[in-house]
Amino acid sequence: MTSIRKSHLTLKALNESMIDLPAPKNISAWWNFGSLLSLCLALQILTGLFLAMHYTSDISTAFSSVVHICRDVNYGWLIRSIHANGASFFFICIYLHIGRGLYYGSYLNKEAWSAGVILLLLVMMTAFVGYVLPWGQMSFWGATVITNLLSAIPYVGENIVQWLWGGFSVDSATLTRFFAFHFLFPFGIIAMTLVHLLFLHEKGSSNPVGINSNADKIYFHPYFIYKDLIGFAWFALFLITLVLFIPNLLGDPENFTPANPLVTPPHIKPEWYFLFAYAILRSIPNKLGGVFALLASILILLIVPILHTSKWQNFAFRPLAQIFMGLLVVDVAILTWIGGMPVEPPFIIIGQIASFLYFFLFLVFFPLSGWLENKMLESCTKSSALRALVL
Amino acid sequence: MPQRFEIDYFVKMKFGDLARMRHIITFSLSPFEQKIFPNFFSEILPNTWRRFRGSFFRIAPPTALGYMVYSWGTNNHKESKRKKPEDYANDE
(Lines give C-alpha, C1' and ligand atoms only; values in the text may rest on other atoms or scores of the structure.)
Protein backbone atom coordinates (compact mmCIF):
# COMPACT_ATOMS: atom_id res chain seq x y z
CA MET A 1 0.00 0.00 0.00
CA THR A 2 1.70 3.23 -1.20
CA SER A 3 1.97 5.94 1.41
CA ILE A 4 -0.28 8.96 0.91
CA ARG A 5 2.66 11.32 0.45
CA LYS A 6 3.64 9.37 -2.67
CA SER A 7 0.18 8.85 -4.12
CA HIS A 8 -1.75 12.05 -3.34
CA LEU A 9 -1.66 14.38 -6.32
CA THR A 10 -0.49 17.50 -4.47
CA LEU A 11 1.41 15.89 -1.59
CA LYS A 12 3.50 14.10 -4.23
CA ALA A 13 5.01 17.44 -5.28
CA LEU A 14 6.09 18.17 -1.72
CA ASN A 15 7.40 14.64 -1.30
CA GLU A 16 9.46 14.66 -4.48
CA SER A 17 11.03 18.07 -3.77
CA MET A 18 11.65 17.99 -0.01
CA ILE A 19 11.36 14.47 1.40
CA ASP A 20 12.32 11.69 -0.99
CA LEU A 21 14.49 13.95 -3.14
CA PRO A 22 17.88 12.32 -3.82
CA ALA A 23 20.59 14.71 -2.65
CA PRO A 24 24.38 14.38 -2.77
CA LYS A 25 25.82 13.21 0.50
CA ASN A 26 28.62 15.78 0.57
CA ILE A 27 26.97 19.14 -0.05
CA SER A 28 28.47 21.72 2.30
CA ALA A 29 27.16 24.81 4.09
CA TRP A 30 27.38 26.72 0.79
CA TRP A 31 24.30 24.73 -0.25
CA ASN A 32 22.26 26.16 2.63
CA PHE A 33 21.71 29.54 0.98
CA GLY A 34 18.99 28.30 -1.36
CA SER A 35 16.70 27.34 1.51
CA LEU A 36 17.75 30.49 3.39
CA LEU A 37 16.56 32.55 0.44
CA SER A 38 13.15 30.85 0.66
CA LEU A 39 13.11 31.69 4.36
CA CYS A 40 14.00 35.32 3.58
CA LEU A 41 11.22 35.52 1.00
CA ALA A 42 8.63 34.10 3.41
CA LEU A 43 9.80 36.44 6.18
CA GLN A 44 9.69 39.51 3.94
CA ILE A 45 6.21 38.64 2.65
CA LEU A 46 4.89 38.03 6.18
CA THR A 47 6.39 41.17 7.73
CA GLY A 48 5.53 43.18 4.61
CA LEU A 49 1.91 42.09 4.81
CA PHE A 50 1.61 43.34 8.39
CA LEU A 51 3.35 46.60 7.49
CA ALA A 52 0.94 47.05 4.56
CA MET A 53 -1.96 46.94 7.02
CA HIS A 54 -0.80 50.25 8.51
CA TYR A 55 1.22 51.94 5.77
CA THR A 56 -0.32 54.62 3.54
CA SER A 57 1.24 55.41 0.18
CA ASP A 58 0.25 59.06 -0.23
CA ILE A 59 3.18 61.51 0.01
CA SER A 60 1.46 63.54 2.75
CA THR A 61 1.10 60.53 5.09
CA ALA A 62 3.69 57.93 4.01
CA PHE A 63 6.56 59.06 6.27
CA SER A 64 4.29 59.58 9.28
CA SER A 65 2.59 56.21 8.72
CA VAL A 66 5.99 54.55 9.11
CA VAL A 67 6.55 56.58 12.31
CA HIS A 68 3.05 55.48 13.45
CA ILE A 69 3.96 51.83 12.78
CA CYS A 70 7.14 52.13 14.81
CA ARG A 71 5.59 54.02 17.74
CA ASP A 72 1.93 53.01 18.02
CA VAL A 73 1.32 49.67 16.31
CA ASN A 74 1.86 46.72 18.67
CA TYR A 75 5.36 45.39 17.87
CA GLY A 76 5.34 47.61 14.79
CA TRP A 77 8.93 48.65 15.54
CA LEU A 78 9.96 44.98 15.47
CA ILE A 79 8.09 44.15 12.25
CA ARG A 80 9.54 47.23 10.52
CA SER A 81 13.07 46.49 11.70
CA ILE A 82 12.83 42.83 10.63
CA HIS A 83 11.54 43.87 7.21
CA ALA A 84 14.24 46.51 6.65
CA ASN A 85 17.12 44.35 7.90
CA GLY A 86 15.58 41.25 6.33
CA ALA A 87 16.07 42.92 2.96
CA SER A 88 19.80 43.26 3.68
CA PHE A 89 20.00 39.62 4.71
CA PHE A 90 18.13 38.67 1.55
CA PHE A 91 20.94 40.22 -0.46
CA ILE A 92 23.68 38.71 1.72
CA CYS A 93 22.17 35.29 1.00
CA ILE A 94 21.74 36.08 -2.73
CA TYR A 95 25.36 37.14 -3.19
CA LEU A 96 26.67 34.10 -1.29
CA HIS A 97 24.33 31.85 -3.31
CA ILE A 98 25.62 33.36 -6.58
CA GLY A 99 29.21 33.03 -5.32
CA ARG A 100 28.58 29.35 -4.64
CA GLY A 101 27.13 29.02 -8.14
CA LEU A 102 30.19 30.61 -9.73
CA TYR A 103 32.75 28.68 -7.68
CA TYR A 104 31.13 25.25 -7.98
CA GLY A 105 30.03 25.56 -11.61
CA SER A 106 26.33 25.35 -10.79
CA TYR A 107 25.76 27.61 -13.82
CA LEU A 108 26.26 24.56 -16.02
CA ASN A 109 22.58 23.87 -15.28
CA LYS A 110 21.84 26.72 -17.69
CA GLU A 111 18.06 26.84 -17.26
CA ALA A 112 18.21 26.93 -13.46
CA TRP A 113 20.98 29.56 -13.65
CA SER A 114 19.03 31.78 -16.06
CA ALA A 115 15.93 31.52 -13.87
CA GLY A 116 18.18 32.56 -11.00
CA VAL A 117 19.40 35.67 -12.85
CA ILE A 118 15.77 36.66 -13.53
CA LEU A 119 15.09 36.13 -9.83
CA LEU A 120 18.01 38.43 -8.98
CA LEU A 121 16.60 41.14 -11.23
CA LEU A 122 13.12 40.75 -9.71
CA VAL A 123 14.49 40.95 -6.16
CA MET A 124 16.55 44.04 -7.05
CA MET A 125 13.51 45.73 -8.55
CA THR A 126 11.41 44.86 -5.51
CA ALA A 127 14.05 46.21 -3.13
CA PHE A 128 14.46 49.39 -5.19
CA VAL A 129 10.75 50.28 -5.18
CA GLY A 130 10.47 49.18 -1.55
CA TYR A 131 13.14 51.64 -0.42
CA VAL A 132 11.10 54.52 -1.82
CA LEU A 133 8.08 53.74 0.38
CA PRO A 134 9.23 55.35 3.69
CA TRP A 135 9.47 58.61 1.68
CA GLY A 136 12.60 59.84 3.40
CA GLN A 137 15.22 62.03 1.73
CA MET A 138 17.22 59.09 0.41
CA SER A 139 14.01 57.31 -0.71
CA PHE A 140 13.02 60.31 -2.83
CA TRP A 141 16.44 61.27 -4.19
CA GLY A 142 17.55 57.68 -4.82
CA ALA A 143 14.35 57.10 -6.81
CA THR A 144 14.90 60.39 -8.69
CA VAL A 145 18.52 59.55 -9.64
CA ILE A 146 17.86 55.98 -10.76
CA THR A 147 14.59 56.59 -12.62
CA ASN A 148 16.22 59.53 -14.42
CA LEU A 149 18.73 57.09 -15.91
CA LEU A 150 16.02 55.81 -18.22
CA SER A 151 15.93 59.22 -19.93
CA ALA A 152 19.29 58.26 -21.48
CA ILE A 153 17.42 55.92 -23.83
CA PRO A 154 17.48 57.63 -27.24
CA TYR A 155 14.23 59.14 -28.62
CA VAL A 156 11.80 57.57 -26.13
CA GLY A 157 13.75 58.01 -22.88
CA GLU A 158 11.95 61.12 -21.59
CA ASN A 159 8.54 59.65 -22.39
CA ILE A 160 9.34 56.40 -20.63
CA VAL A 161 10.50 58.21 -17.51
CA GLN A 162 7.39 60.41 -17.34
CA TRP A 163 5.20 57.35 -17.92
CA LEU A 164 6.97 55.56 -15.07
CA TRP A 165 6.71 58.59 -12.79
CA GLY A 166 3.05 59.23 -13.59
CA GLY A 167 3.99 62.89 -13.88
CA PHE A 168 6.94 65.22 -14.45
CA SER A 169 8.89 64.21 -11.34
CA VAL A 170 8.90 61.60 -8.58
CA ASP A 171 5.70 62.51 -6.73
CA SER A 172 2.56 61.00 -5.17
CA ALA A 173 1.62 59.08 -8.33
CA THR A 174 5.07 57.47 -8.31
CA LEU A 175 4.83 56.49 -4.67
CA THR A 176 1.41 54.86 -4.97
CA ARG A 177 2.41 52.77 -7.97
CA PHE A 178 5.73 51.82 -6.35
CA PHE A 179 3.73 50.50 -3.38
CA ALA A 180 1.61 48.46 -5.79
CA PHE A 181 4.76 47.10 -7.50
CA HIS A 182 6.42 46.31 -4.18
CA PHE A 183 3.34 44.26 -3.20
CA LEU A 184 3.05 42.58 -6.60
CA PHE A 185 6.63 41.62 -7.50
CA PRO A 186 7.11 39.08 -4.66
CA PHE A 187 4.42 36.91 -6.23
CA GLY A 188 6.43 36.94 -9.44
CA ILE A 189 9.44 35.99 -7.32
CA ILE A 190 7.50 33.02 -5.88
CA ALA A 191 6.53 31.86 -9.38
CA MET A 192 10.10 32.24 -10.64
CA THR A 193 11.39 30.35 -7.58
CA LEU A 194 9.19 27.39 -8.50
CA VAL A 195 10.59 27.50 -12.06
CA HIS A 196 14.13 27.71 -10.63
CA LEU A 197 13.47 24.63 -8.46
CA LEU A 198 11.81 22.80 -11.36
CA PHE A 199 15.00 23.05 -13.40
CA LEU A 200 17.21 22.30 -10.42
CA HIS A 201 15.37 19.08 -9.57
CA GLU A 202 15.59 17.91 -13.19
CA LYS A 203 19.31 17.20 -12.74
CA GLY A 204 19.68 17.42 -8.97
CA SER A 205 22.14 19.44 -6.89
CA SER A 206 25.81 19.41 -7.76
CA ASN A 207 28.37 18.84 -5.01
CA PRO A 208 31.72 20.26 -3.79
CA VAL A 209 33.80 17.64 -5.61
CA GLY A 210 32.18 18.37 -8.97
CA ILE A 211 31.71 14.79 -10.12
CA ASN A 212 28.50 12.86 -10.71
CA SER A 213 27.05 11.86 -7.35
CA ASN A 214 24.29 9.52 -8.57
CA ALA A 215 26.06 6.56 -6.97
CA ASP A 216 26.04 8.16 -3.52
CA LYS A 217 22.86 10.06 -2.81
CA ILE A 218 20.85 10.29 0.41
CA TYR A 219 17.27 11.29 1.15
CA PHE A 220 16.69 15.02 1.60
CA HIS A 221 14.62 14.27 4.69
CA PRO A 222 15.81 14.09 7.43
CA TYR A 223 19.43 15.01 6.67
CA PHE A 224 19.07 18.24 4.78
CA ILE A 225 15.85 19.24 6.52
CA TYR A 226 17.85 19.33 9.76
CA LYS A 227 20.90 20.88 8.12
CA ASP A 228 18.71 23.62 6.68
CA LEU A 229 17.09 24.14 10.08
CA ILE A 230 20.54 24.71 11.58
CA GLY A 231 21.14 27.25 8.80
CA PHE A 232 17.83 28.92 9.70
CA ALA A 233 18.92 29.09 13.35
CA TRP A 234 22.20 30.83 12.43
CA PHE A 235 20.32 33.19 10.13
CA ALA A 236 17.81 34.01 12.86
CA LEU A 237 20.65 34.67 15.31
CA PHE A 238 22.39 37.17 13.03
CA LEU A 239 19.17 38.84 11.93
CA ILE A 240 17.77 39.24 15.43
CA THR A 241 21.14 40.57 16.69
CA LEU A 242 21.02 43.28 14.07
CA VAL A 243 17.29 43.96 14.56
CA LEU A 244 17.47 44.28 18.35
CA PHE A 245 20.93 45.82 18.91
CA ILE A 246 22.04 47.74 15.79
CA PRO A 247 18.92 48.18 13.62
CA ASN A 248 20.25 51.26 11.80
CA LEU A 249 23.75 49.93 11.04
CA LEU A 250 23.02 49.32 7.36
CA GLY A 251 20.68 52.29 6.87
CA ASP A 252 21.26 55.91 5.85
CA PRO A 253 20.62 58.71 8.39
CA GLU A 254 19.19 60.87 5.58
CA ASN A 255 16.11 58.67 5.55
CA PHE A 256 15.14 59.95 8.98
CA THR A 257 14.37 63.28 7.25
CA PRO A 258 11.07 63.48 5.31
CA ALA A 259 11.51 63.81 1.55
CA ASN A 260 12.09 67.40 0.37
CA PRO A 261 12.30 67.97 -3.40
CA LEU A 262 13.87 71.40 -2.75
CA VAL A 263 16.81 70.10 -0.68
CA THR A 264 19.30 67.71 -2.29
CA PRO A 265 21.34 65.58 0.13
CA PRO A 266 25.11 66.05 -0.29
CA HIS A 267 25.75 62.33 -0.90
CA ILE A 268 22.99 60.44 -2.69
CA LYS A 269 23.63 56.73 -2.60
CA PRO A 270 21.58 53.53 -2.62
CA GLU A 271 21.56 50.85 0.07
CA TRP A 272 24.78 48.84 0.47
CA TYR A 273 23.64 45.93 -1.72
CA PHE A 274 23.42 48.18 -4.80
CA LEU A 275 26.67 50.09 -4.24
CA PHE A 276 28.83 47.86 -6.48
CA ALA A 277 26.46 48.44 -9.41
CA TYR A 278 26.27 52.17 -8.54
CA ALA A 279 30.08 52.37 -8.71
CA ILE A 280 30.08 50.71 -12.14
CA LEU A 281 27.35 53.12 -13.30
CA ARG A 282 29.34 56.17 -12.15
CA SER A 283 32.63 54.94 -13.59
CA ILE A 284 31.49 55.72 -17.17
CA PRO A 285 31.42 59.49 -17.86
CA ASN A 286 28.58 59.06 -20.40
CA LYS A 287 24.97 58.68 -19.10
CA LEU A 288 23.82 56.01 -21.59
CA GLY A 289 27.19 54.25 -21.31
CA GLY A 290 26.78 54.15 -17.55
CA VAL A 291 23.28 52.68 -17.88
CA PHE A 292 24.59 49.97 -20.23
CA ALA A 293 27.41 49.17 -17.83
CA LEU A 294 24.92 48.98 -14.95
CA LEU A 295 22.72 46.52 -16.83
CA ALA A 296 25.73 44.59 -18.10
CA SER A 297 27.07 44.16 -14.57
CA ILE A 298 24.06 41.94 -13.77
CA LEU A 299 23.30 40.49 -17.20
CA ILE A 300 26.89 39.29 -17.62
CA LEU A 301 25.87 36.44 -15.33
CA LEU A 302 23.68 35.12 -18.16
CA ILE A 303 26.70 34.47 -20.40
CA VAL A 304 28.89 32.85 -17.70
CA PRO A 305 27.80 29.31 -18.80
CA ILE A 306 28.97 30.04 -22.35
CA LEU A 307 32.36 31.24 -21.10
CA HIS A 308 33.10 27.98 -19.26
CA THR A 309 36.20 26.46 -20.86
CA SER A 310 37.54 24.13 -18.16
CA LYS A 311 37.30 20.35 -18.17
CA TRP A 312 36.41 20.55 -14.47
CA GLN A 313 32.98 21.65 -13.30
CA ASN A 314 34.14 23.60 -10.27
CA PHE A 315 37.15 25.51 -8.98
CA ALA A 316 38.12 22.91 -6.35
CA PHE A 317 41.07 21.63 -8.43
CA ARG A 318 41.76 24.85 -10.36
CA PRO A 319 44.32 27.02 -8.54
CA LEU A 320 44.30 29.86 -11.11
CA ALA A 321 40.52 30.08 -11.09
CA GLN A 322 40.57 30.14 -7.29
CA ILE A 323 42.88 33.15 -7.29
CA PHE A 324 40.66 34.93 -9.82
CA MET A 325 37.60 34.12 -7.73
CA GLY A 326 39.33 35.71 -4.72
CA LEU A 327 40.12 38.69 -6.93
CA LEU A 328 36.47 38.95 -8.02
CA VAL A 329 35.23 38.92 -4.43
CA VAL A 330 37.76 41.60 -3.44
CA ASP A 331 36.91 43.61 -6.57
CA VAL A 332 33.19 43.61 -5.71
CA ALA A 333 34.08 44.65 -2.14
CA ILE A 334 36.15 47.55 -3.54
CA LEU A 335 33.32 48.52 -5.89
CA THR A 336 30.92 48.48 -2.92
CA TRP A 337 33.27 50.79 -0.99
CA ILE A 338 33.71 53.11 -3.99
CA GLY A 339 29.94 53.24 -4.60
CA GLY A 340 29.51 54.75 -1.13
CA MET A 341 32.25 57.33 -1.61
CA PRO A 342 31.87 60.78 -3.26
CA VAL A 343 32.93 61.18 -6.89
CA GLU A 344 36.34 62.66 -6.09
CA PRO A 345 39.95 61.61 -6.63
CA PRO A 346 41.33 59.02 -6.05
CA PHE A 347 37.96 57.24 -5.84
CA ILE A 348 37.21 57.99 -9.51
CA ILE A 349 40.22 56.15 -10.93
CA ILE A 350 39.93 53.30 -8.41
CA GLY A 351 36.26 52.86 -9.41
CA GLN A 352 37.13 52.86 -13.11
CA ILE A 353 39.91 50.29 -12.71
CA ALA A 354 37.74 48.10 -10.46
CA SER A 355 34.82 48.28 -12.94
CA PHE A 356 37.11 47.33 -15.82
CA LEU A 357 38.54 44.46 -13.76
CA TYR A 358 35.02 43.20 -12.93
CA PHE A 359 34.16 42.70 -16.61
CA PHE A 360 37.68 41.57 -17.52
CA LEU A 361 37.51 38.81 -14.91
CA PHE A 362 34.32 37.35 -16.34
CA LEU A 363 35.13 37.85 -20.01
CA VAL A 364 38.88 37.11 -20.09
CA PHE A 365 40.47 35.84 -16.88
CA PHE A 366 38.05 33.02 -16.04
CA PRO A 367 37.90 31.54 -19.58
CA LEU A 368 41.68 31.96 -19.95
CA SER A 369 42.39 30.22 -16.64
CA GLY A 370 40.17 27.30 -17.74
CA TRP A 371 42.08 26.97 -21.01
CA LEU A 372 45.47 27.20 -19.23
CA GLU A 373 44.50 24.63 -16.59
CA ASN A 374 43.33 22.24 -19.33
CA LYS A 375 46.77 22.59 -20.95
CA MET A 376 48.46 21.96 -17.58
CA LEU A 377 46.32 18.84 -17.06
CA GLU A 378 47.19 17.62 -20.56
CA SER A 379 50.91 18.04 -20.04
CA CYS A 380 50.76 16.37 -16.59
CA THR A 381 48.81 13.43 -18.01
CA LYS A 382 51.20 13.04 -20.93
CA SER A 383 54.29 13.14 -18.73
CA SER A 384 52.90 10.65 -16.18
CA ALA A 385 51.74 8.34 -19.02
CA LEU A 386 55.21 8.59 -20.54
CA ARG A 387 56.81 7.83 -17.20
CA ALA A 388 54.55 4.81 -16.72
CA LEU A 389 55.52 3.58 -20.19
CA VAL A 390 59.25 3.99 -19.54
CA LEU A 391 59.11 2.41 -16.08
CA MET B 1 -10.93 0.02 -18.08
CA PRO B 2 -9.86 3.58 -17.07
CA GLN B 3 -6.17 4.28 -17.65
CA ARG B 4 -4.06 5.10 -14.60
CA PHE B 5 -0.91 7.09 -15.07
CA GLU B 6 1.83 8.45 -12.86
CA ILE B 7 2.57 12.14 -12.78
CA ASP B 8 6.19 13.03 -12.10
CA TYR B 9 6.16 16.61 -10.93
CA PHE B 10 9.69 17.72 -10.64
CA VAL B 11 11.92 14.78 -10.38
CA LYS B 12 13.31 12.86 -13.29
CA MET B 13 15.72 11.26 -10.84
CA LYS B 14 14.38 8.85 -8.25
CA PHE B 15 16.01 6.39 -5.93
CA GLY B 16 16.31 3.08 -7.75
CA ASP B 17 16.79 4.96 -11.01
CA LEU B 18 20.02 6.87 -10.41
CA ALA B 19 22.99 4.70 -11.21
CA ARG B 20 23.78 1.07 -11.87
CA MET B 21 26.17 -0.24 -9.27
CA ARG B 22 27.35 -3.79 -8.98
CA HIS B 23 29.79 -5.66 -6.68
CA ILE B 24 30.15 -2.74 -4.30
CA ILE B 25 30.88 -3.86 -0.75
CA THR B 26 30.97 -1.33 2.06
CA PHE B 27 32.11 -1.87 5.60
CA SER B 28 31.36 0.42 8.50
CA LEU B 29 31.59 0.54 12.26
CA SER B 30 28.65 1.16 14.54
CA PRO B 31 28.77 4.66 16.06
CA PHE B 32 28.70 2.93 19.44
CA GLU B 33 31.93 1.07 18.60
CA GLN B 34 34.14 4.04 17.81
CA LYS B 35 35.47 7.27 19.33
CA ILE B 36 33.44 10.33 18.41
CA PHE B 37 36.40 12.71 18.00
CA PRO B 38 39.51 10.61 17.47
CA ASN B 39 43.16 11.65 17.04
CA PHE B 40 42.74 15.39 17.63
CA PHE B 41 46.48 16.16 17.86
CA SER B 42 47.82 13.50 15.51
CA GLU B 43 45.31 13.87 12.65
CA ILE B 44 42.77 16.66 13.11
CA LEU B 45 45.18 19.54 13.79
CA PRO B 46 47.69 18.61 11.02
CA ASN B 47 44.82 18.17 8.55
CA THR B 48 43.37 21.56 9.48
CA TRP B 49 46.80 23.12 8.91
CA ARG B 50 47.10 21.31 5.55
CA ARG B 51 43.70 22.63 4.42
CA PHE B 52 44.57 26.15 5.61
CA ARG B 53 47.91 26.13 3.78
CA GLY B 54 46.20 24.86 0.63
CA SER B 55 43.78 27.77 0.40
CA PHE B 56 45.66 30.60 2.17
CA PHE B 57 47.96 31.53 -0.71
CA ARG B 58 45.02 31.73 -3.09
CA ILE B 59 42.83 33.92 -0.90
CA ALA B 60 45.34 36.06 1.03
CA PRO B 61 47.08 37.83 -1.91
CA PRO B 62 43.87 39.31 -3.46
CA THR B 63 42.61 40.24 0.03
CA ALA B 64 45.91 41.94 0.88
CA LEU B 65 45.86 43.78 -2.44
CA GLY B 66 42.29 44.92 -1.83
CA TYR B 67 43.15 46.17 1.64
CA MET B 68 46.17 48.05 0.31
CA VAL B 69 44.01 49.76 -2.34
CA TYR B 70 41.40 50.69 0.30
CA SER B 71 44.02 51.99 2.70
CA TRP B 72 45.89 54.01 0.06
CA GLY B 73 42.64 55.41 -1.38
CA THR B 74 41.29 56.51 2.00
CA ASN B 75 44.57 58.15 3.04
CA ASN B 76 45.07 59.80 -0.33
CA HIS B 77 41.54 61.25 -0.23
CA LYS B 78 42.06 62.51 3.34
CA GLU B 79 45.33 64.18 2.33
CA SER B 80 43.66 65.82 -0.66
CA LYS B 81 41.21 67.51 1.73
CA ARG B 82 43.98 68.92 3.91
CA LYS B 83 45.60 72.30 3.38
CA LYS B 84 49.16 72.03 2.11
CA PRO B 85 51.58 73.30 4.81
CA GLU B 86 54.01 74.57 2.07
CA ASP B 87 51.39 77.14 0.97
CA TYR B 88 51.52 78.77 4.40
CA ALA B 89 55.24 78.41 5.05
CA ASN B 90 56.04 82.12 4.72
CA ASP B 91 53.08 83.42 6.70
CA GLU B 92 53.75 85.49 9.82
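Convention: sequence-line order gives letters A, B, ...; per-chain numbering from 1.
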When rounded to the nearest 0.5 angstrom, what is the spacing between [atom1] in [X] and [atom2] in [Y]?
X        : Y        : atom1 : atom2 : value
A/Ile338 : B/Tyr70  : CD1   : OH    : 10.5 Å
A/Phe347 : B/Thr74  : CZ    : OG1   : 5.5 Å
B/Arg58  : A/Arg318 : CZ    : CZ    : 12.0 Å
A/Ile218 : B/Phe15  : CD1   : CZ    : 7.5 Å
B/Ile59  : A/Met325 : CD1   : CE    : 10.5 Å
B/His77  : A/Ile348 : NE2   : CD1   : 9.0 Å

More than 12 heavy atoms from other groups under 6.0 Å of [atom1] on [X]:
X        : atom1 : value
A/Trp272 : CH2   : yes
A/Phe359 : CZ    : yes
B/Ile24  : CD1   : yes
A/Met18  : CE    : no
B/Asp91  : CG    : yes

Chain A contact via B/Ser55 - which portion, at a heavy-atom distance below 4.5 Å: neither
Residue part contacting chain A, namely of B/Thr63, when any heavy atom lies under 4.5 Å: both
For [X], is it the side chain, the backbone, both, or neither that has a heavy atom closer than 4.5 Å to a heavy atom of chain B?
X        : result
A/Ala333 : neither
A/Pro345 : backbone
A/Phe199 : neither
A/Ile353 : neither
A/Ile323 : both

side-chain contact (heavy atoms from CB on, under 4.5 Å) between A/Val330 and B/Leu65, worked out: CA-CA 8 Å; A/Val330 169; B/Leu65 182 70; 5.8 Å; no
Heavy-atom pair count under 4.5 Å with chain B, highest-scoring of A/Asp331, A/Leu327, A/Asp20: A/Leu327
Residues A/Ile350, B/Trp72; criterion side-chain contact (heavy atoms from CB on, under 4.5 Å); working and verdict: CA-CA 10 Å; A/Ile350 295 175; B/Trp72 172 81; 3.9 Å; yes
Closest non-hydrogen atom pair between B/Gly73 and A/Pro346, with its separation: O-CG, 3.6 Å
